[in-house]
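One structure is given here, and the rest of the page talks about it.
Keep in mind that the numbers below use all heavy atoms, side chains included, and drop hydrogens, waters and symmetry copies. Naming: A, B, ... by sequence-line order, numbering from 1 per chain. Just so it is clear, the model here is predicted, and its values are computed rather than measured.
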Protein chains: 2
Amino acid sequence: MNIGEVAKKSGLPAKTIRYYEDIGLITPLRDTNGYRSFRDSDMHKLAFLGRSRALGFTIEDCRNLLALWDDQDRASADVRAIAKEHLEQIERKIADLIAIRDTLSHLVQTCAGDGRPDCPILAKLEKFPT
Amino acid sequence: MNIGEVAKKSGLPAKTIRYYEDIGLITPLRDTNGYRSFRDSDMHKLAFLGRSRALGFTIEDCRNLLALWDDQDRASADVRAIAKEHLEQIERKIADLIAIRDTLSHLVQTCAGDGRPDCPILAKLEKFPT
DNA sequence: CTTGACCCTCCAGTTACTGGAAGCCCTATC
DNA sequence: GATAGGGCTTCCAGTAACTGGAGGGTCAAG
């Protein structure tokens with residue numbers, strides 16, 4: 001399979017696939033013309049990567065998950081640890097964003113949003129502590 | 001005021017303050033020895049920037065907010081538009097993260113996390129659509 | 001034999017900083 | 001007067017994970 005087909009099937013842009021090769025996540029073969037030649041195993045890895053990334057795992061997490069996936073003797077505890085850490089990060093980020101959203105939505109509601117210059121949003125940014 | 005004092009008062013790292021000057025958000029004076037000399041107005045701008053960034057506004061948003069702040073003839077509608085757009089982005093991001101969190105927390109719960117290799121997390125990443 | 005769709009590599013840019021090197025400046029102390 | 005420290009300066013490079021583009025080879029069809 002050439003990169004175009006793999007891109008279509010995996011949903012990942014060709015650029016991204018080349019990048020994943022660059023950083024050593026996949027190692028497709030090469031045809032005599034220099035074109036990358038993807039095996040089914042490469043395709044599977046890319047699909048795995050696509051799903052891992054969609055869940056917000058970092059590339060380094062993905063690298064580790066991929067290694068565990070390849071390792072038949074893995075302990076599920078190792079996988080779970082990665083996922084759990086990531087989950088906790090996401091929960092922290094959600095909490096942060098919710099706090100921001102609440103502040104912001106209050107400000108947006110109280111701002112008249114007309115032609116006059118008075119604006120509680122600017123007042124907040126100007127005066128109050130973070 | 002030298003940069004160290006401003007950093008302490010504003011809570012922003014000196015590096016960040018220099019960066020904000022680089023990209024034209026502030027324009028402190030210079031002493032004869034080349035040191036930056038911050039006026040109160042610079043300090044206020046930095047505080048404003050710190051709070052805006054803490055609310056997740058991008059630097060470009062900050063630049064625009066700062067310009068509106070400076071402009072006595074501004075229309076609050078312009079400020080509100082920026083904040084509202086940002087708020088909507090945040091709401092989208094929260095929704096995305098919650099979806100991820102739900103998936104992930106389910107997976108983490110169902111994974112035994114012991115010494116055995118069987119792992120629903122890997123199974124999910126391997127098999128199912130995004 | 002040319003056209004168009006692929007493919008290749010390499011370089012630069014993105015966001016918002018952050019770290020580090022090399023080197024002035026200022027004050028205090030010996 | 002030499003020196004030690006802390007603070008200040010600039011400039012360069014690196015971060016995460018791509019993305020865009022230039023310049024150029026390859027392949028199948030007409």
Side-chain angles (χ1 to χ4, degrees), chain A residues 1-38 42 45-46 48-66 82 85-86 89-90 93 96-97 100 130, chain B residues 1-38 42 45-46 48-66 82 85-86 89-90 93 96-97 100 130:
Chain A
M1 270 189 293
N2 279 354
I3 201 169
E5 193 179 346
V6 175
K8 205 176 295 177
K9 282 193 189 171
S10 69
L12 296 170
K15 278 268 182 189
T16 299
I17 296 172
R18 291 195 195 98
Y19 172 69
Y20 287 170
E21 181 185 9
D22 260 13
I23 62 175
L25 289 178
I26 53 168
T27 322
L29 303 175
R30 295 286 177 143
D31 284 342
T32 48
N33 58 11
Y35 285 19
R36 288 171 185 78
S37 175
F38 295 83
D42 297 316
K45 279 193 184 181
L46 286 170
F48 183 99
L49 287 167
R51 295 187 198 106
S52 308
R53 293 287 300 124
L55 285 179
F57 286 104
T58 65
I59 290 287
E60 280 323 295
D61 280 346
C62 290
R63 198 187 296 281
N64 293 327
L65 288 171
L66 214 44
I82 295 174
E85 173 60 36
H86 179 47
Q89 266 193 39
I90 284 174
K93 181 160 273 179
D96 289 351
L97 286 178
I100 290 176
T130 315
Chain B
M1 271 190 295
N2 279 353
I3 201 168
E5 194 181 346
V6 175
K8 205 177 295 175
K9 283 193 189 170
S10 69
L12 297 171
K15 277 271 185 190
T16 299
I17 296 173
R18 290 195 195 98
Y19 172 68
Y20 286 173
E21 182 186 7
D22 261 14
I23 61 173
L25 288 178
I26 53 168
T27 322
L29 302 174
R30 294 289 176 139
D31 283 342
T32 48
N33 59 12
Y35 287 18
R36 289 171 183 79
S37 176
F38 294 85
D42 296 317
K45 278 191 185 182
L46 286 170
F48 183 99
L49 287 168
R51 297 190 198 102
S52 306
R53 292 287 301 125
L55 286 179
F57 285 103
T58 65
I59 290 286
E60 281 320 296
D61 279 346
C62 290
R63 196 187 295 280
N64 294 326
L65 289 171
L66 214 44
I82 294 174
E85 173 60 35
H86 179 46
Q89 265 193 39
I90 285 174
K93 182 161 273 177
D96 288 351
L97 286 178
I100 290 175
T130 314

(request) List the steps, then state whether side-chain contact (heavy atoms from CB on, under 4.5 Å) holds for L25(A) with K45(A). (result) CA-CA 8 Å; L25(A) 289 178; K45(A) 279 193 184 181; over 6 Å; no
(request) With DNA chain D as reference, determine whether F57(A) or G34(B) sits nearer its 5' end, using the nearest nucleotide of each. (result) G34(B)
(request) Would you please name every residue forming a salt bridge (Lys or Arg N to Asp or Glu O under 4.0 Å) with E21(B), sequence neighbours left out? (result) R30(B), R36(B)
(request) Would you check if the side chain of T16(A) reaches a backbone N or O of L12(A) as a donor-acceptor pair within less than 3.5 Å? (result) no
(request) For Q89(A), enumerate each residue passing the side chain to side chain donor-acceptor pair (under 3.5 Å) test, keeping only those at least two apart in sequence or located in another chain. (result) none
(request) Could you check how far CG of L49(B) sits from P of dA16(C), rounded to whole Å? (result) 12 Å
(message) Under the rule for ring-ring contact (aromatic ring centres under 6.0 Å, His included), what residues qualify as partners of F57(B), not counting sequence neighbours?
(response) H86(B)
(message) Set out, in order, the CA-CA distance, both residues' side-chain angles and the distance that settles side-chain contact (heavy atoms from CB on, under 4.5 Å) for N2(A) and F38(A), then state yes or no.
(response) CA-CA 6 Å; N2(A) 279 354; F38(A) 295 83; over 6 Å; no
(request) Side-chain contact test, heavy atoms from C-beta onward, threshold under 4.5 Å: evaluate it for Y20(A) versus I59(A) and give yes or no. (result) yes
(request) Give the rounded distance in Å between these two atoms: CD of E5(B) and C1' of dC26(C). (result) 16 Å
Below 3.5 Å between N/O atoms, which protein atoms pair up with nucleotides 1-6 of chain C? Just atom names and distances, please.
from, atom 1, to, atom 2, distance (Å)
dC6(C), O2, Y35(A), OH, 3.4

(request) Indicate whether OP1 or OP2 belonging to dC25(C) is found under 4.0 Å from a side-chain N or O atom of R30(B). (result) no
(request) Could you pull out all residues at least two apart from Y35(B) that satisfy ring-ring contact (aromatic ring centres under 6.0 Å, His included)? (result) none
(request) Round to the nearest Å and state the distance from I23(B) atom CD1 to dT18(C) atom P. (result) 12 Å
(message) Applying salt bridge (Lys or Arg N to Asp or Glu O under 4.0 Å), can you list everything that pairs with K8(A), at least two apart in sequence or on another chain?
(response) none
(message) What is the first contacted nucleotide of DNA chain D and what is the last, in 5' to 3' order, if contact means an atom lying under 4.0 angstrom from a heavy atom of chain B?
(response) dG7(D) to dC11(D)
(message) Assuming nearest nucleotide by heavy-atom distance, tell me which of I59(B) and T32(B) is located more 5' along DNA chain C.
(response) I59(B)
(message) Tell me every residue that passes side-chain contact (heavy atoms from CB on, under 4.5 Å) with T27(B), counting only those two or more places apart in sequence or in another chain.
(response) none
(message) Using five pairs at each end of the helix from dC1(C)-dG30(D) to dC30(C)-dG1(D) to define an axis, what is the angle between those two axes, to 10°?
(response) 40°
(message) Using a strict heavy-atom distance below 4.0 Å, which residues from residues 9-22 of chain B are in contact with DNA chain C?
(response) P13(B), K15(B), T16(B), Y19(B), Y20(B)
(message) List the residues meeting salt bridge (Lys or Arg N to Asp or Glu O under 4.0 Å) with D61(A), not counting sequence neighbours, and say none if there are none.
(response) none
(message) With a 4.5 Å cut-off on side-chain heavy atoms, are L55(B) and R51(B) touching?
(response) no
(message) So, using salt bridge (Lys or Arg N to Asp or Glu O under 4.0 Å) as the criterion, who are the partners of R63(A) when residues are at least two apart?
(response) E60(A)
